[in-house]
Amino acid sequence: RLAESGGGSVNSGGSLTLSCSASQYTIGDYCMGWFRQGPGKEREGVASTASDGSTNYAPSVKGRFTISRDNAKNTIYLQVNNLKPEDTAMYYCAARVFACNHEYYDWHDSATFKYWGQGTQVTVSS
């Protein structure tokens, strides 16, 4: 089970820290990702973190968002800075058994992630 928290409403340029806690399994065994789905948009990959600490980012968030993991706490985080109205979305964390940099499965392919949280809403006003 995955549980997200930390969403909220902020002004453009603001920051938030999203958290995702896992129970019933160890995140160290999985590729962990953050996804988001805005109003009228498809779900898109935001960032991923592998057990070795390597990360991937969508071009739209690179330099503004930082994904991290704390295996001891079984939790991943997404620090979101310099938020823009287009970042408004429901943010989900997810886990998959395939490696983040798998040869055939892109890290941002939501269909390859088996476990999902319920999401946390981020709303950015201009």
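Treat the numbers as computed from the prediction; the structure is a model and nothing was measured.
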Could you check whether the rings of Phe35 and Phe113 sit parallel, tilted or perpendicular, using 30° and 60° as the cut-offs? perpendicular
d(Ser9 OG, Leu16 CG) to nearest 0.5 Å is 8.5 Å
Could you check if a side-chain atom of Ser54 sits within less than 4.5 angstrom of a side-chain atom of Asn101, using non-hydrogen atoms only? yes
Heavy-atom donor-acceptor pair, Ser48 side chain to Gly33 backbone, under 3.5 Å: no
Quick check: do Val80 and Val122 have side-chain heavy atoms less than 4.5 Å from each other? no
Between Met32 and Leu2, is any pair of side-chain heavy atoms under 4.5 Å apart? yes
Are the side chains of Asp109 and Tyr104 in touch, meaning some heavy atoms are under 4.5 Å apart? no
Any side-chain heavy atom of Trp116 sitting closer than 4.5 Å to one from Ser110? yes
What pair of heavy atoms forms the shortest contact from Thr75 to Ser19, and how long is it? CG2-CB, 4.4 Å
With no hydrogens and no angle check, is any side-chain donor or acceptor of Ser21 less than 3.5 Å from a backbone partner on Ala3? no
With rounding to the nearest 0.5 Å, note down the distance linking OG in Ser126 to CD in Glu86. 10.0 Å
Could you walk me through whether Cys100 and Asn56 pass the side chain to side chain contact (heavy atoms under 4.5 Å, CB included) test, one step at a time? CA-CA 8 Å; Cys100 285; Asn56 294 292; 4.2 Å; yes
Do the side chain of Gln37 and the main chain of Glu42 share a donor and acceptor less than 3.5 angstrom apart? no
Given the rule that I, L, V, M, F, W and Y join up when any side-chain heavy atoms are under 4.5 Å apart, are Trp107 and Ile27 in one cluster? no
Say whether Arg96 and Thr112, considering side chains only, have a donor N or O and an acceptor N or O under 3.5 Å apart. yes
Gap separating the OG atom of Ser5 from the CD atom of Gln118, nearest 0.5 angstrom: 13.5 Å
Could you check whether atom CD of Gln121 has more than 12 heavy atoms from other residues, nucleotides or ligands sitting under 6.0 Å from it? yes
Using the rule that two of Ile, Leu, Val, Met, Phe, Trp, Tyr join whenever any of their side-chain heavy atoms come within less than 4.5 Å, decide whether Met90 and Val46 are in one cluster. no
Donor-acceptor check, side chain of Asn74 to backbone of Tyr25, threshold 3.5 angstrom: yes or no? yes
Write out all pairs satisfying salt bridge (charged side-chain N to carboxylate O under 4.0 Å, His left out) with one or both partners inside residues 70-80, taking only residues at least two apart or from two chains. none
Go through the steps to decide whether Tyr30 and Phe98 satisfy the test ring pair (Phe, Tyr, Trp, His ring centres under 6.0 Å), and finish with yes or no. CA-CA 7 Å; Tyr30 295 85; Phe98 303 116; over 10 Å; no
Does the pair Leu78 and Thr17 meet the rule for a side chain to side chain contact (heavy atoms under 4.5 Å, CB included), with working shown? CA-CA 6 Å; Leu78 186 69; Thr17 301; over 6 Å; no
Quick one: are Thr26 and Asn71 in side-chain contact, heavy atoms under 4.5 Å? no
Give the minimum heavy-atom separation between Gly28 and Ser51, together with the two atoms involved. O-CB, 3.1 Å
Restricting to pairs with a member in residues 22-39, which pass salt bridge (charged side-chain N to carboxylate O under 4.0 Å, His left out), not counting sequence neighbours? Arg36-Glu44, Arg36-Asp87
Side-chain donor/acceptor of Glu4 to backbone N/O of Tyr92, under 3.5 Å: no
Could you check Thr49 against Tyr77 for side chain to side chain contact (heavy atoms under 4.5 Å, CB included), going step by step and ending with a plain yes or no? CA-CA 10 Å; Thr49 172; Tyr77 304 93; over 6 Å; no
Looking at side-chain heavy atoms only, is the closest gap between Ile76 and Trp34 below 4.5 Å? yes
Do Asn81 and Phe65 have side-chain heavy atoms sitting under 4.5 Å apart? no
